[in-house]
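Reading through the structure tokens given below for one structure.
Everything quoted here is computed from the prediction, not taken from an experiment. Each ligand, and each atom within it, is numbered from 1 in the order the structure gives.
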Amino acid sequence: MEEITLQIKYTEFTGLDQLPENDCKLVSLAREAAKKGYAPYSGFLVGATVLLGNGEIITGNNQENAAYPSGLCAERTALFYASAQFPKVPVLAIAISTINIGNTPSEIAKPCGACRQVMAEYEDIAGNPIRIILDSSDKILVMNGIDNLLPLRFKKEDLK
Ligand code: THU
């Protein structure tokens, strides 16, 4: 028997002005996208920006529905749109911001399990770690690769 410890790694920035310029742009766009989310049921707005290898920048936000499970998170809205428009073009980075209506400051954006799994699939397609930027009103976390959010994940190789 052996106890194994896995580590995750990220860099914490104290604000938007501390971020590298490229990341700053992605976060600013995610904040704008969050404002346009459709979240009448949860009151929790989320925005995501996806940077692609061809330079395209795609934004998305959460889309809720009266039939709750029919809604979709911001991350998957953006990633699926990106893949639909630019199939196989590598995803280089994703930035995620949240707005908790009537409750500021906002917490660090923490993608749900399903969104982590979807990010992982696009990371496999890209063949390189995706830069993941998790925004909040007082600090911003930047990590390199989905292993920092979803260790021991299910992969398409597992289907073989
Ligand atoms: N949501 C996202 O869009 N992304 C996340 O990472 C977590 C949750 C959305 C789904 C739903 O519209 C609302 O936030 C509350 O769960």
Number the atoms of ligand 1 from 1 as they appear, then name those within less than 4.0 Å of a heavy atom of [X], with their elements.
X    : answer
P111 : 6 (O)
C73  : 1 (N), 2 (C), 3 (O), 4 (N), 10 (C)
E64  : 11 (C), 12 (O), 13 (C)
C112 : 6 (O)

Backbone of [Y] reached by a side-chain donor or acceptor of [X] within 3.5 Å:
X    : Y    : value
S70  : A67  : yes
E56  : L51  : no
E12  : L141 : no
N148 : G145 : yes
Q18  : F13  : no

Who's the nearest protein heavy-atom neighbour of [atom], and how far?
atom                    : value
atom 14 (O) of ligand 1 : F44 CD2, 3.4 Å
atom 9 (C) of ligand 1  : N62 ND2, 3.6 Å
atom 7 (C) of ligand 1  : K110 O, 4.2 Å

Item to check | Worked check of side chain to side chain contact (heavy atoms under 4.5 Å, CB included) between D23 and R131 | outcome: CA-CA 9 Å; D23 294 346; R131 188 171 175 85; 2.6 Å; yes
Next on the checklist: For the 3.5 Å polar cut-off, considering only N or O atoms, please tell me whether S42 and ligand 1 meet it.
Outcome noted: no
Checklist entry - Does an N or O anywhere in A74 fall below 3.5 Å from an N or O of ligand 1? => result yes
Item to check | Selected option - heavy-atom contact closest to atom 6 (O) of ligand 1, from R76, E75, R116 | outcome: E75
Next on the checklist: Would you say N61 and Q63 are linked by a side-chain donor-acceptor pair, where the criterion is simply a distance under 3.5 Å?
Outcome noted: yes
Checklist entry - Any side-chain donor paired with an acceptor under 3.5 Å for E32 and T59? => result no
Next on the checklist: Quiz question for you: does at least one protein heavy atom lie closer than 4.0 Å to atom 1 (N) of ligand 1?
Outcome noted: yes
